[in-house]
Amino acid sequence: MGEAPARDAGDQGTDISHSAALELVARLLGHADWNVAAATLPDGDAPAALSFDRAIPVLRSFDEAKAREFYCGFLGFTIQFEHRFEPHMQLYMEVARAGLTLHLSEHHGDASPGSTVFVWMQGITDFQRELIDRHYGYGRPGLNPAPWGTEMVVHDPFGNRIRFCERA
């Protein structure tokens, strides 16, 4: 049995073979021929390609009240969850704002005090103005030009730094 003819959408009324239709599709996709085009198609049986979701930095904290004051009161994050293995034990807490999620941990070994987190963002000028307008007694971050964008660094009460940056 021969190949059933296919219609070329660009040439109304002209019958072409299945293989000619595949070659036409390949050229429309910018490939030399169908074999090259087919090699670029995903394999439906192949496992999904490796991918990562987003990273969630874990920052060390030592004092629940100071953590809440800084991350919620000053930076404007909201608490997503809190966990303790038992009442009066160390707190592990998730805070988030505008797509950024951070984990704060009082557990020894979860993170090292003095860490730096680099965060790409949009709207850094408005965010900096918002922070200045809060009149936080322990920080008034400035905007600093860098070759890659405008940066603003905030220091939490536990020695950690968050470096916010908007691309140039």
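Fair warning: this is a prediction, and the values are worked out from it, not measured in the lab.
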* Do the ring centers of His103 and Phe81 come within less than 6.0 Å of each other? -> yes
To the nearest 0.5 Å, what is the distance between [atom1] ([X]) and [atom2] ([Y])?
{"X": "Ile124", "Y": "Glu130", "atom1": "CD1", "atom2": "CD", "value": "12.5 Å"}
{"X": "Arg84", "Y": "His107", "atom1": "CZ", "atom2": "NE2", "value": "8.5 Å"}
{"X": "Arg167", "Y": "Trp148", "atom1": "CZ", "atom2": "CH2", "value": "12.5 Å"}
{"X": "His83", "Y": "Gln90", "atom1": "NE2", "atom2": "CD", "value": "10.0 Å"}

Where [X] and [Y] come nearest, the two heavy atoms and their spacing:
{"X": "Cys165", "Y": "Glu151", "result": "SG-CG, 3.7 Å"}
{"X": "Phe70", "Y": "His155", "result": "CE1-O, 3.4 Å"}
{"X": "Gln80", "Y": "Ala96", "result": "CG-CB, 3.7 Å"}
{"X": "Arg54", "Y": "Thr101", "result": "NH1-OG1, 2.9 Å"}
{"X": "Ile132", "Y": "Pro141", "result": "CD1-O, 3.6 Å"}
{"X": "Thr125", "Y": "Glu166", "result": "N-OE1, 4.4 Å"}

* Asked: Glu82: what forms a side-chain contact (heavy atoms from CB on, under 4.5 Å) with it, not counting sequence neighbours?
  -> Glu64, Arg68, Ile79, Leu91, Met93
* Structure fact -> Across all chains, not counting sequence neighbours, the side-chain contact (heavy atoms from CB on, under 4.5 Å) partners of Ser115 are Leu59, Ser112, Asn160
* So among Tyr92, Phe158, Tyr71, which one has a side-chain contact (heavy atoms from CB on, under 4.5 Å) with Ser61? -> Phe158
* Verdict with supporting geometry, Thr78 and Arg97, side-chain contact (heavy atoms from CB on, under 4.5 Å) -> CA-CA 7 Å; Thr78 58; Arg97 179 177 181 186; over 6 Å; no
* Identify whether Val119 and Val153 are in the same connected component of the hydrophobic contact network (ILVMFWY, side-chain heavy atoms under 4.5 Å). => no
* Do Leu131 and Tyr136 share a hydrophobic cluster (ILVMFWY, side-chain heavy atoms under 4.5 Å, transitive)? -> yes
* Val95 vs Leu75, side-chain contact (heavy atoms from CB on, under 4.5 Å): CA-CA, chis, key distance, verdict -> CA-CA 10 Å; Val95 295; Leu75 293 183; over 6 Å; no
* To do: Return the orientation label for the Phe118 and Trp120 ring planes: parallel under 30°, perpendicular over 60°, tilted otherwise.
  => perpendicular
* Met152 side chain reached by Thr150 side chain, heavy atoms, under 4.5 Å -> no
* If we only count heavy atoms from C-beta on, is the Leu102 to Ile162 side-chain gap below 4.5 Å? -> yes
* To do: List the steps and the verdict of side-chain contact (heavy atoms from CB on, under 4.5 Å) for Lys66 and Tyr138.
  => CA-CA 11 Å; Lys66 286 182 181 181; Tyr138 302 103; over 6 Å; no
* Would you check if the side chain of Arg161 reaches a backbone N or O of Val154 as a donor-acceptor pair within less than 3.5 Å? => no
* Could you walk me through whether His108 and Arg60 pass side-chain contact (heavy atoms from CB on, under 4.5 Å), step by step? => CA-CA 8 Å; His108 177 76; Arg60 185 71 192 276; 3.9 Å; yes
